[in-house]
Amino acid sequence: MVISKQKREIPGTVLFDGEQARKGYALNKMCFSFNSAENRAEFVRDEDAYCAKYGLTPEQRAAIASRNVLQLLAAGGNVYYLAKFAGIFGLDMQDVGAQQTGMSKDAFKAKLIDAGR
Amino acid sequence: MATIVGAITTSHVPAIGGAIAKNKQQDPYWKPSFFDGFPVAHQWLDKVRPDVAVVIYNDHGLNFFLDKMPTFAVGAAPEYCNADEGWGIPALPPHRGDLDLSWHLIESLIAEEFDLTTCQEMLIDHAFAIPMELLWPGPAPCPVRTVPVCINTVQFPLPTPARCFKLGAAIGRAIEFWDNDARVVIVGTGGLSHQLDGQRAGFLNKEFDLLFMDKLIDDPLWVTRYSIPDLVELTGTQGVELLMWLTARAALPGGVNKVHSNYHIPISNTAAALMVLESV
């Protein structure tokens with residue numbers, strides 16, 4: 001089978017494919033390290049030094065500084081590793097969803113409940 | 001020869017672990033059907049008395065990172081531990097392995113041309129640990145031995161639904177030819193529809209989920225007509241975890257009897273569901 005290089009367009013969605021995995025490797029590797037409480041504490045103590053240690057690109061460093069999930073995704077972040085970054089700030093997936101959709105958390109939660117009706 | 005007693009498929013949202021840790025199972029958020037759906041599964045497990053669970057799940061960045069990302073991985077460890085995944089939910093208890101079944105599965109699946117990654121050390125994340133806690137709750141050690149089967153849903157391309165169906169069918173054949181009198185339950189975890197990332201975060205598709213659950217009983221091949229991008233569009237970027245349900249169902253060799261199903265929107269951002277399917 002020949003793989004078509006034309007990417008499927010799905011609104012509001014970017015598949016984490018090889019292109020994203022290449023682009024986001026340093027960022028994702030840093031976020032993967034946040035499985036460890038010690039590493040999370042080290043990041044909080046000195047964010048600049050921690051990002052430098054993982055060799056983040058300027059785009060990735062700016063995205064981390066912004067705490068903006070869409071920006072982190074655009075810099076190659078994968079949501080499973082980004083969830084560990086969000087965990088440092090005590091944010092859950094509804095906070096993350098609300099931020100990405102530009103809604104309040106309550107409005108985002110209401111939207112989810114509506115989908116069940 | 002071993003006997004496959006049936007399959008249980010369920011969601012594995014981390015928030016479930018949070019609710020268990022804080023003993024909030026009876027909070028209104030989880031009503032009417034989430035935790036209250038599990039007693040039926042417990043009664044069924046008491047009746048069919050499995051010795052071993054083959055647990056089909058997807059790792060979310062605890063055991064595997066992008067440095068090495070297997071499409072299909074099978075555990076072959078004496079014990080599997082849960083660990084901190086970054087959001088502070090206490091680790092759930094470890095699970096005993098079943099090395100004989102692990103290696104029998106590995107040999108059978110590779111003979112059937114599945115090129116596996118084999119893991120003699122393997123951490124199990126919430127996608128394994130939470131469903132096991134839901135199925136065998138409480139402080140007593142889990143009574144079943146386990147074999148983890150992990151399917152990549154992190155980095156695309158993912159294995160196609162058709163490939164996952166074939167993997168499940170090969171797992172079922174391997175168990176049926178296992179020279180052991182064990183009783184085996186298949187557990188498939190994940191889904192159903194949800195999307196965590198992007199402007200479409202919060203996407204759910206109740207109509208598709210309910211149709212998928214219905215088809216899974218008597219026409220499990222139905223979903224193999226869809227490509228992975230189709231399934232992302234229909235069920236969300238994480239809704240593709242329905243591959244675990246499909247693989248689990250495909251492992252049941254013949255027809256099935258639906259013992260129980262329920263469906264609940266939302267748990268966190270997810271359409272959560274439970275099905276108990278008995279082999280007939």
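Basis for what follows: all heavy atoms, side chains included, without hydrogens, waters or symmetry-related copies. A, B, ... follow the sequence lines: proteins, then strands. Residue 1 opens every chain. Since we're looking at a predicted model, the values are computed, not measured.
The contact between Pro229(B) and chain A is made by backbone and side chain atoms together, counting heavy-atom distances below 4.5 Å. Contact of Leu70(A) with chain B is made through the side chain alone, with heavy-atom distances under 4.5 Å. For Ser227(B), the part lying near chain A is the side chain, with the backbone staying farther off; criterion is any non-hydrogen pair under 4.5 Å. For Leu158(B), no part sits under 4.5 Å from any heavy atom of chain A, backbone or side chain. Within the 4.5 angstrom heavy-atom criterion, only backbone atoms of Phe64(B) (N, CA, C, O) approach chain A. Residue contact with chain B, scored on non-hydrogen atoms closer than 4.5 Å, involves the backbone and the side chain of Ile113(A) alike. Interface residue Tyr25(A): backbone and side-chain heavy atoms are both found under 4.5 Å from chain B. In this structure, the portion of Val14(A) lying under 4.5 Å from any heavy atom of chain B is its backbone and not its side chain. Contact of Asn28(A) with chain B is made through backbone and side chain together, with heavy-atom distances under 4.5 Å. No part of Ala98(A) comes within reach of chain B, as not one of its non-hydrogen atoms sits under 4.5 angstrom from that chain. Ala74(A) does not touch chain B: none of its heavy atoms, backbone or side chain, sits under 4.5 Å away. Contact of Ser268(B) with chain A is made through backbone and side chain together, with heavy-atom distances under 4.5 Å.
Asp125(B) and His60(B) share a donor-acceptor pair across their side chains, judged by distance under 3.5 Å alone. Counting only N and O atoms by type, the side chains of Lys31(B) and Gln26(B) include a donor and acceptor under 3.5 Å apart. With 3.5 Å as the limit, one finds no donor-acceptor pair spanning the side chains of Asn35(A) and Glu85(B). When only modelled atom types and interatomic distance are considered, Gln195(B) and Thr13(A) share a side-chain donor-acceptor pair under 3.5 Å. Checking Asn205(B) against Thr235(B) by side-chain atom types alone, no donor-acceptor pair falls below 3.5 Å. Using a 3.5 Å distance cut-off with no hydrogens or angles, the side chains of Thr71(B) and Asn152(B) do not pair a donor with an acceptor. Between the side chains of Asn262(B) and His264(B), no donor N or O sits under 3.5 Å from an acceptor N or O.
In terms of heavy-atom pairs under 4.5 Å with chain B, the best-connected choice from Lys109(A), Lys29(A), Arg40(A), Gln99(A) is Arg40(A). Residue with the most contacts toward chain A among Phe65(B), Tyr263(B), Phe203(B), Trp87(B): Phe65(B) (heavy-atom pairs, distance under 4.5 Å). Heavy-atom pairs under 4.5 Å with chain B were tallied for Thr101(A), Leu112(A), Asn78(A), Asp92(A); the largest tally goes to Leu112(A). Options Met103(A), Gln94(A), Arg117(A) differ in how many heavy-atom pairs under 4.5 Å they form with chain B, and the most are formed by Gln94(A). Taking chain A as the reference chain and counting heavy-atom pairs below 4.5 Å, the highest number among Ala271(B), Gly18(B), Pro266(B) is found for Pro266(B).
With Phe34(A) as reference, Tyr50(A) is the one residue of Phe89(A), Tyr50(A), Tyr81(A) to meet the ring pair (Phe, Tyr, Trp, His ring centres under 6.0 Å) rule.
In this structure, Phe38(B) and Phe35(B) have tilted ring planes: the angle between them lies in the 30° to 60° band.
For the pair Arg8(A) and Ile10(A), the minimum side-chain heavy-atom distance is below 4.5 Å.
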